[in-house]
Structures are given as structure tokens and as C-alpha cells.
Amino acid sequence: SLENKTKEKLQKQICQVALDHFEKQYTTELGEAWASVRDVLTCPLCWQCAILLNKFSPSTELENTLRMKGYHPAFPGSLPYLPASFKCYIRRTPGRFPAQKHQAGKLKEYYLLNAASLLPVLALEVKDGEDVLDLCAAPGGKSVATLQCAYPGQFHCNEYDDLRSRWLKQTIESFIPDPLINLIMVSKLDGRQIGDLKPELYDKVLVDAPCSNDRSWLFSSDIQQATLRLIQRKELPSLQFQLLRSAIKALRPGGSLVYSTCTLSKAENSDVINLILNSCSNVMPVDISEMAKAVSQEFTFLSGMQQHELLVLPEKGKAWGPMYVAKLKKM
């Protein structure tokens, strides 16, 4: 039966190589927080799913259904930035909401995602008319979320990887209506070169960087793939640093940038941001602690982070993340 298939899929095999690696690294980096994070990461049945509504295809019926099923708005009005057009629903209990199939000529009504992945978009605070670059945009959830918030002057979505770039295009076509699609430029440039190609062109840049995706790596289908990933993991911080440097070049003075990853790894998070702050004299950290405070009911954060960064720790009943978010401003 379908139900059993779903259960099988959710009880997929944990990859021991990855778990052992995480165990060593995260016991050191997260201390006692790691045990409860590990419990969530290794148990897909307790993962939650958020529902981002598409304002371009509004449905009162959908909102009523969600409320009836015990969903509530994910983000409180006390956030420093929360456009009225931005609507996302969550509920405390795990479980999947049905995904919508892609239908030619028909916009989807909602996007299923991890609620923590919306925090970088809310931290970016895009306003109408601003020129925005989403540097590593596939699969497109953050691009779609950005367009729920505001109408950028220009919106440049970039994805270097060929397959992921096609996925990005399809996502945009599924959620964004025709006249607006014309404002969106989708490119397949090497993100490390965009700063040189398009210097000081954007007011806001999102760098949702390629990273070691802790959730999916724990379920690597074969040992070779997992081992290779763990070897390549050491090279990611250098790529992330180069992408950030490129993003800074692409920013106008006064513009701001948000960096995000879906890993718990300090080497890919705080270390990369500290390296940027120490090597680029024209960027300053931006305090995002107000945002973190406003959403602390629904998200658990690692304590002891600096004011310009946060790290969402998955926890039962708040199984969001991992998600690292940091904000910088160009002087």
C-alpha cells in the first residue's frame, strides 16, 4: 500500500559513515545540544513541513483547510520585517502535506519547505524596486519566497549546475505569473565570477551556498558516495568564501547580503563569515538578533552565536533546520 511505501521511504537507511563523522564533529561543536539534534536528524518521521502560500494564486479554501488541520502562521507579527503578502503555515506535529503536481498554464498555490529556509529571506528584507541577486538559487524556494515579499526592480536568479538550473526554471514557472516572469533573469554563471561580471549592480544579494547538507548526507544511498562527500566537505569553505567575495563585489555600497547554509558545520558557517569579516575591510556585520528573538517560539537556536548570525537546531516539535544565517552590509 501507499502508506507502507511512505513508511519505508521515511525509514530509509542511515549512513553509518556520515553519522560517525557527524558524531565526532558535532559532539565537539554543539556539546550537549547534539544529542537532541541527532535524534531529529536520524528520524525522518518526526520532520515537519511548512507550507508557503503563493500570493499569485491565492486560495481562501486552502487557508481554511490548513487552519482546520491545525496549522497556524509560522511567523509572528513582531518580526522586524514581515510583509502582509508573505504567508507561511506550520503545525507542531510532523507529517506531509500533499505536494501539488506541475500543470502547464496553472500556477501552484503553495510551496512545501523547511520553515527555517525562509529565515534568510526574512533577514534580507527586500523592498519593492530593489535590485536583487539570488546567487545559488536552485531549487528556487527562496526566490519564490522573495517574490512573496516584494517586487524587485530586477531579480537575477543564478544557478551554475545544469540540472539544478532546469529545476529552478520550472519552479519559477510554477509559481510566478507571466508579466512578472519578465522581470526575472535566470542565468547559469559561475557564482565566483558574478562579482567581476556585474560589479556594484545589486541592492541585496542572497548567497544560499552549496554546503554539506546534513539532512540528506545522513541518508547517502551508498558508502562510496558518502565517503566522497566527506572528502569534498573539506573543500566547501573555500568555495563558500569565493562566492561571498564575489557577492560583495556585486553589491552596491550600502547594500546588504545574507549568507545561508543548511549545515551545522562551523567550518562552513561562522568560520567562513569570520574570514570574510577579517579579510574584507568594506563589509560590516548586521545585527539580526531581533529577528531571532521574534521567532524563538517556533525555532530553537544554538546559544553563544554573535549578533549577526544564527544557527537553527532541529528539535522535536520544532524540527526545522539545520539552517545557518548571517547578514553583512557593504560600506
Side-chain angles (χ1 to χ4, degrees), residues 48-59 62-63 66 71-77 79-90 97 99-100 107-159 164 167-177 180-181 183-186 202-209 256-262 288 291-292 294-295 298-299 310 312 320-327:
Q48 288 154 273
C49 197
I51 297 153
L52 175 69
L53 302 193
N54 185 13
K55 70 175 181 188
F56 304 113
S57 182
S59 161
L62 172 63
E63 283 200 69
L66 289 172
Y71 283 84
H72 61 274
F75 299 102
L79 270 165
Y81 169 87
L82 187 71
S85 54
F86 183 88
K87 290 183 181 176
C88 176
Y89 283 87
I90 59 174
F97 196 75
Q100 281 183 311
L107 293 181
K108 292 189 182 184
E109 292 174 353
Y110 57 89
Y111 193 106
L112 300 177
L113 41 74
N114 185 311
S117 62
L118 295 170
L119 292 174
V121 174
L122 293 173
L124 197 58
E125 302 194 357
V126 174
K127 299 183 178 56
D128 287 348
E130 289 183 329
D131 296 325
V132 182
L133 166 64
D134 188 347
L135 191 70
C136 316
K142 293 182 181 70
S143 302
V144 166
T146 301
L147 289 165
Q148 302 305 314
C149 294
Y151 294 98
Q154 285 183 50
F155 193 24
H156 180 177
C157 300
N158 182 68
E159 177 55 52
R164 287 172 63 83
W167 192 5
L168 168 67
K169 278 198 168 116
Q170 190 182 15
T171 302
I172 290 172
E173 281 162 18
S174 300
F175 285 91
I176 310 304
L180 195 59
I181 280 196
L183 295 178
I184 305 171
M185 177 172 112
V186 179
Y202 304 99
D203 302 297
K204 301 276 162 81
V205 179
L206 175 63
V207 183
D208 184 40
S256 49
L257 168 159
V258 168
Y259 172 74
S260 60
T261 74
C262 53
I288 53 171
M291 178 180 85
V295 298
E298 304 290 354
F299 298 91
L310 57 86
V312 179
W320 314 114
M323 184 87 322
Y324 175 80
V325 184
K327 187 169 184 179

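Just so you know, these numbers come straight off a predicted model, no measurement behind them.
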J.: Just grab all the salt bridge (Lys or Arg N to Asp or Glu O under 4.0 Å) pairs involving residues 134-148, residues at least two apart or on different chains.
T.: Lys142-Asp208
J.: Testing the basics here: between Ala294 and Pro76, what is the closest heavy-atom pair and its distance to 0.1 Å?
T.: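 Shortest heavy-atom separation between Ala294 and Pro76 comes out as O-CG, 3.0 Å.
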J.: Compare all side-chain heavy atoms of Ser117 with those of Met323 and state whether any distance is below 4.5 angstrom.
T.: yes
J.: My understanding is that only residues two or more places apart in sequence, or in another chain, count here; which of them pass salt bridge (Lys or Arg N to Asp or Glu O under 4.0 Å) with Glu63?
T.: Lys87
J.: Please answer whether the main-chain N or O of Glu125 pairs with a side-chain N or O of Lys204 as donor and acceptor at a distance below 3.5 Å.
T.: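 Side chain of Lys204 to backbone of Glu125: a pair is present.
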J.: Give a yes or no answer on whether the side chain of Asn114 reaches the backbone of Gly321 with a donor-acceptor pair at less than 3.5 Å.
T.: yes
J.: Counting distance only, does the side-chain N/O of Lys55 pair as donor-acceptor with the main-chain N or O of Leu147 below 3.5 Å?
T.: yes
J.: Can you tell me how far the NZ atom of Lys108 sits from the CG atom of Leu53, to the nearest 0.5 Å?
T.: 14.5 Å
J.: Rounded to the nearest 0.5 Å, how far does CD of Gln100 lie from CZ of Phe175?
T.: 7.0 Å
J.: Considering all heavy atoms of both residues, which atom of Ala292 and which atom of Leu310 are nearest to each other, and what is their separation?
T.: CB-CD2, 4.0 Å
J.: I'd like to know whether Leu112 forms a side-chain contact (heavy atoms from CB on, under 4.5 Å) with Ile51, so could you lay out the CA-CA distance, the side-chain angles of the two residues, the decisive distance to 0.1 Å, and finally the verdict.
T.: CA-CA 5 Å; Leu112 300 177; Ile51 297 153; 3.6 Å; yes
J.: Measure the spacing between CG of Leu122 and OG1 of Thr146 and express it to the nearest 0.5 Å.
T.: 9.0 Å
J.: Can you name the nearest heavy-atom pair linking Phe86 to Cys149, along with the distance?
T.: CD1-SG, 3.4 Å
J.: Would you name the heavy atoms of Leu168 and Gly140 that are closest together and state the gap between them?
T.: CD1-CA, 3.6 Å
J.: Hey, could you give me the OG/CD distance between Ser256 and Glu130, rounded to the nearest 0.5 Å?
T.: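 The OG atom of Ser256 sits 7.5 Å away from the CD atom of Glu130.
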J.: Can you classify the ring geometry of Tyr324 versus Tyr259 as parallel (below 30°), tilted (30 to 60°) or perpendicular (above 60°)?
T.: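 Aromatic pair Tyr324/Tyr259 classed perpendicular.
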J.: Contact between Tyr151 and Ser85 at the side-chain level, heavy atoms closer than 4.5 Å - yes or no?
T.: no
J.: How far apart are the closest heavy atoms of Tyr89 and Pro73, and which atoms are they?
T.: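 Result for this residue pair: CD2-N, 3.8 Å.
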J.: Quick one: does Glu298's side chain have a donor or acceptor within less than 3.5 Å of a partner on Val295's backbone?
T.: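 Flag not set: sc Glu298 to bb Val295 has no pair under 3.5 Å.
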J.: Can you tell me if Lys327 uses its side chain to pair, donor with acceptor, with the backbone of Ala123 under 3.5 Å?
T.: yes
J.: State whether the side chain of Asp203 and the backbone N or O of Asp131 hold a donor-acceptor pair below 3.5 Å, judged by distance alone.
T.: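 Here the side-chain-to-backbone pair exists.
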J.: Aromatic ring centroids of Phe97 and Tyr110 under 6.0 Å?
T.: yes
J.: Would you name the heavy atoms of Pro152 and Leu183 that are closest together and state the gap between them?
T.: O-CD1, 4.0 Å
J.: Please answer whether the main-chain N or O of Val126 pairs with a side-chain N or O of Tyr81 as donor and acceptor at a distance below 3.5 Å.
T.: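 Judged by distance alone, yes, a pair lies under 3.5 Å.
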J.: Just jot down the side-chain contact (heavy atoms from CB on, under 4.5 Å) partners of Ser57, sequence neighbours excluded, or say none.
T.: Asn54, Leu107, Glu109
J.: Roughly how far, to the nearest 0.5 Å, is CG of Leu124 from CG of Leu119?
T.: 12.5 Å
J.: Is there side-chain contact between Thr171 and Tyr111, with at least one heavy-atom pair below 4.5 Å?
T.: yes
J.: Show your working on side-chain contact (heavy atoms from CB on, under 4.5 Å) between Val325 and Val258 and close with a plain yes or no.
T.: CA-CA 7 Å; Val325 184; Val258 168; 3.8 Å; yes
J.: Going from CD1 on Ile172 to SG on Cys157, what distance comes out if it is rounded to the nearest 0.5 angstrom?
T.: 4.0 Å
